[in-house]
Amino acid sequence: MLVTSYDVLSTSEALPFPIDGHTDVGEERRLRYRYLDLRSAAGPGAALRTRSKVTNAARRVMERHDFLEIETPYLTRSTPEGARDFLVPVRLQPGSWYALPQSPQLFKQLLMVAGMERYYQFARCFRDEDFRADRQPEFTQLDVELSFCEQDDILALGEDLLSTIWREVLDVEIPTPFPRMTYDDAMRRYGSDKPDVRFGLELADLTALFAKTDFKVFQSEHVGAVLVPGGATDYTRKQFDAWQEWSKSRGGKGVAYVQVGADGIPAGGIAKFLREDELRGLVAATDAKPGDAVFFQSGPKRQTLEALGALRVAVAKDRGLIPEGRWEFLWVTDAPMFEATDDGGWTAVHHPFTRPRKADEAGLVDAPGEALAIAYDVVLNGSEIGGGSLRIHERDLQEKVFGVLGLSAEEAQSKFGFLLEAFKYGPPPHGGIAFGWDRILQHITGTESIRDVIAFPKTASGGDPLTGAPTPITTAQRREAGIDKQPASASSASSTGPTGAAPPNRPAAETRPDTERN
RNA sequence: GGUCUCGUGGUGAAGUCUGGAGUUCACGCCGCCCUGUCAAGGCGGAGGUCGCGGGUUCGAAUCCCGUCGAGACCGCCA
């Protein structure tokens, strides 16, 4: 090409960091200049282009299945998902607040009552909880609800959706139907409700073996083990100590272990506290070979299984046992309806509108811990990428569930009265599912952090280094928003009617006007 | 709320454990030169309160305390 003339359309100063993709730049810096970061051919810029493709593919699937895309409000009432709400003051009703939705759960159920038999939406959801590598305070779900459906209909839809995306975007054929596993099996075999089945290392249950043990540590509700292939030959004393630290940093008591010698007999660690039949038994139960190590956990069942599950994944990572390039989709079904709370009550594992299995409806109130839900999570490589349930549409069954959850009729009425009222008018049987769109994109793009698939993400302290949000507000804004106003009924926070006369407004706390941030 | 890691020219790192002159490497930037380029090449140059505050010390990037910011995890969270 020979340039004969040119015009300068725009000029640029020296860039604050290289965007050539050859230098690793700190994330804080890249977020501060996100618009430059996104220019890079690789990284988050490419992720956003992929994201658009994925979303389009999903829309085509939903359209093919005759779903309607319907938007629900962002300024709304608190939704019953259990997380902390983001709140928005309402100028026209000083002292009253909107909540940003944690999900469109209630609205999509209302849409079912409205006869919108098949609904979907790419919905932004807001939860005011602490961050993780895969958690942001605002995130996107592909939210789906349909009427007159069974669990299998929804699973088939999910399989069509995900396999189509993988085929169209990654050119990967995912076999359907996906394997299914019950929640109970997942906990028992993998110590997790979202098992990573790309590798084995299934947990061994040694509770029966150690039922009459003299070893005090193992005299507990549950004793389990994880095999560590090659752990006896490869791990030094220092490395075993590091596992103790690992466990303690997660609030555990440590990791008991034995090393299987060349003769196939466990030695070292806690071996000297165990009888010979116990040593033989644990080798058989874990299928340990000479040179392997075995890690143990003991204690209350649930807690121990979860600790073992975390240990299993950490061991697999450490031993390099997790194969790359595999896509292991899995449905985890039949989760419990309720989970015991610390204060002796019950809390919903999914949410209060989740339907129990037919067989469990009768015993719901007497044995809440036994009841299983018609609920399903879709798991990919050990990470939960979606979940849903069939819902309750009968008033009496819903009241039973509220009862177990310790919600009085008044409380239920004040929180979800509008939904219960809608359910008076012939709600169709319905159910749905929501897919964590950011997490799915994380998998497809192979990124470590959810921030890499979001155009303008926030840092772990909830700030945006680009805009400097959040910022303090001025005294004038504070007054106008009415945020210091206290409605008369604030204590119950339940009235659906107009608020009564507010008590005298307390003087607004001294706030500085917006301070500049960079 | 808790545990841990990190903060050094514009960018990325080494130096910190074991205190001794702002030392080093790569990229970028500026100037000159060369050039059939495509992550160009040669020569020269500028640029840093070692996040911030305090302490210990003859002396602190380095040790101690505090604080701010970033990241990971636990708690929390469908």
Side-chain angles (χ1 to χ4, degrees), chain A residues 1-3 12-33 36-37 40-42 79-86 101-105 108 123 125-144 183 193-194 242 245-253 303 306-307 310-311 313-314 317 332 335-336 339 341-342 347-354 373 375-379 383-389 432-440 448-452 457-465 468 515 517-518:
Chain A
M1 182 192 292
L2 191 62
V3 175
S12 173
E13 293 187 11
L15 299 175
F17 58 86
I19 58 171
D20 55 10
H22 302 293
T23 314
D24 289 328
V25 180
E27 190 176 16
E28 198 177 352
R29 195 106 295 252
R30 293 192 287 111
L31 288 182
R32 169 74 179 79
Y33 299 96
L36 297 180
D37 190 30
S40 169
T79 37
E81 307 286 340
R84 201 174 289 114
D85 283 319
F86 277 103
Q102 296 178 31
S103 81
Q105 183 62 35
K108 69 176 178 178
C125 304
F126 305 86
R127 290 178 192 165
D128 186 9
E129 297 292 344
D130 285 5
F131 291 61
R132 284 289 186 282
D134 61 356
R135 267 172 24 198
Q136 284 269 304
E138 54 178 310
F139 59 97
T140 303
Q141 285 185 345
L142 169 52
D143 193 47
V144 176
Y183 178 96
D193 59 357
K194 41 179 192 289
E245 290 309 308
W246 177 87
S247 169
K248 282 171 188 161
S249 76
R250 302 173 56 93
K253 290 172 299 195
Q303 199 182 316
E306 286 178 353
L311 196 51
V313 172
K317 274 186 189 148
V332 175
E339 218 168 38
T341 58
D342 293 336
T347 181
V349 170
H350 276 69
H351 55 65
F353 311 110
T354 301
Y376 30 82
D377 285 348
V378 58
V379 175
S383 115
E384 184 200 322
I385 58 170
S389 64
I433 189 166
F435 298 92
W437 218 238
D438 310 283
R439 279 189 195 171
I440 286 175
E448 301 261 309
S449 163
I450 194 173
R451 295 182 294 277
D452 289 331
K458 290 170 183 60
T459 66
S461 58
D464 174 3
T515 49
R517 289 183 52 159
N518 53 8

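So you know, we letter chains A, B, ... as the sequences are listed, proteins then strands, and number each from 1.
Checking B/rC77, B/rC29, B/rG71 against the side-chain heavy atoms of A/Glu129 singles out B/rC77 as nearest. Listed nucleotides B/rG69, B/rA72, B/rC77 differ in distance to A/Glu28; the shortest reach to its side chain belongs to B/rG69. Considering only side-chain atoms of A/Ala133, the nucleotide from B/rC77, B/rC73, B/rG71 that sits closest is B/rC73. You'll find that the side chain of A/Asp130 is closest to B/rG1, out of B/rG71, B/rG1, B/rC77. Listed nucleotides: B/rU11, B/rA70, B/rC76. Nearest to the side chain of A/Val25: B/rU11.
Across all strands shown, B/rA61 forms no Watson-Crick or G-U wobble pair with both distances under 3.5 Å. Across all strands shown, B/rA13 forms a Watson-Crick or G-U wobble pair with B/rU24, both key distances being under 3.5 Å. A 3.5 Å limit on both hydrogen-bonding distances identifies no Watson-Crick or G-U partner for B/rA46. Pair assignment for B/rC77 gives none, since no Watson-Crick or G-U wobble pairing has each distance under 3.5 Å. Nucleotide B/rA72 forms a pair with B/rU3, judged by Watson-Crick or G-U wobble geometry with both contacts under 3.5 Å. Under the Watson-Crick and G-U wobble criteria, each requiring two contacts below 3.5 Å, nucleotide B/rG36 is left unpaired.
A/Arg135 comes within contact range of at least one nucleobase, with a heavy-atom separation under 4.0 Å.
Listed by chain and number, the residues in a side chain to side chain donor-acceptor pair (under 3.5 Å) with A/Arg30 are A/Asp37 (sequence neighbours excluded). Taking the salt bridge (Lys or Arg N to Asp or Glu O under 4.0 Å) definition, one finds that A/Asp452 meets it with nothing, sequence neighbours left out.
Regarding contacts with the backbone of B/rG71, every side-chain N or O of A/Ser449 stays at 4.0 angstrom or more from both OP1 and OP2. Side-chain nitrogen and oxygen atoms of A/Ser249 include none within less than 4.0 Å of the OP1 or OP2 phosphate oxygen of B/rC4. Regarding contacts with the backbone of B/rG2, every side-chain N or O of A/Arg250 stays at 4.0 angstrom or more from both OP1 and OP2. Taking only side-chain nitrogens and oxygens, A/Arg451 comes nearer than 4.0 Å to OP1 or OP2 of B/rA72.
Between A/Gln141 and A/Leu31, the residue anchored closer to the 5' end of RNA chain B is A/Leu31, taking for each the nucleotide with the nearest heavy atom. In this structure, A/Phe131 and A/Ala460 both approach RNA chain B, and ranking their closest nucleotides by distance from the 5' end singles out A/Ala460.
Taking both residues in full, the closest heavy atoms of A/Asp377 and A/Gly387 are given as OD1-CA, 3.4 Å, listed atom of the first, atom of the second, then distance. Of all heavy-atom pairs between A/Cys125 and A/Ser103, the closest is SG-CA, 3.8 Å. Of all non-hydrogen atoms in A/Pro137 and A/Lys458, the two that sit nearest each other are CG-CD, 3.8 Å.
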Show each protein N/O and nucleotides 6-10 of chain B N/O combination with a separation under 3.5 Å, one pair to a line.
from: B/rG10; atom 1: O2'; to: A/Pro16; atom 2: O; distance (Å): 2.7

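Side chain of A/Arg135 to backbone of A/Asp130: a donor-acceptor contact under 3.5 angstrom is found.
In this model, no donor atom of one side chain and acceptor atom of the other lie less than 3.5 Å apart for A/Gln136 and A/Asp438.
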Where do A/Phe139 and A/Arg439 land on the side chain to side chain contact (heavy atoms under 4.5 Å, CB included) test, with the steps shown first? CA-CA 9 Å; A/Phe139 59 97; A/Arg439 279 189 195 171; over 6 Å; no

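If you measure from atom CG of A/Asp134 to atom P of B/rC74, you get 9 Å, rounded to the nearest angstrom.
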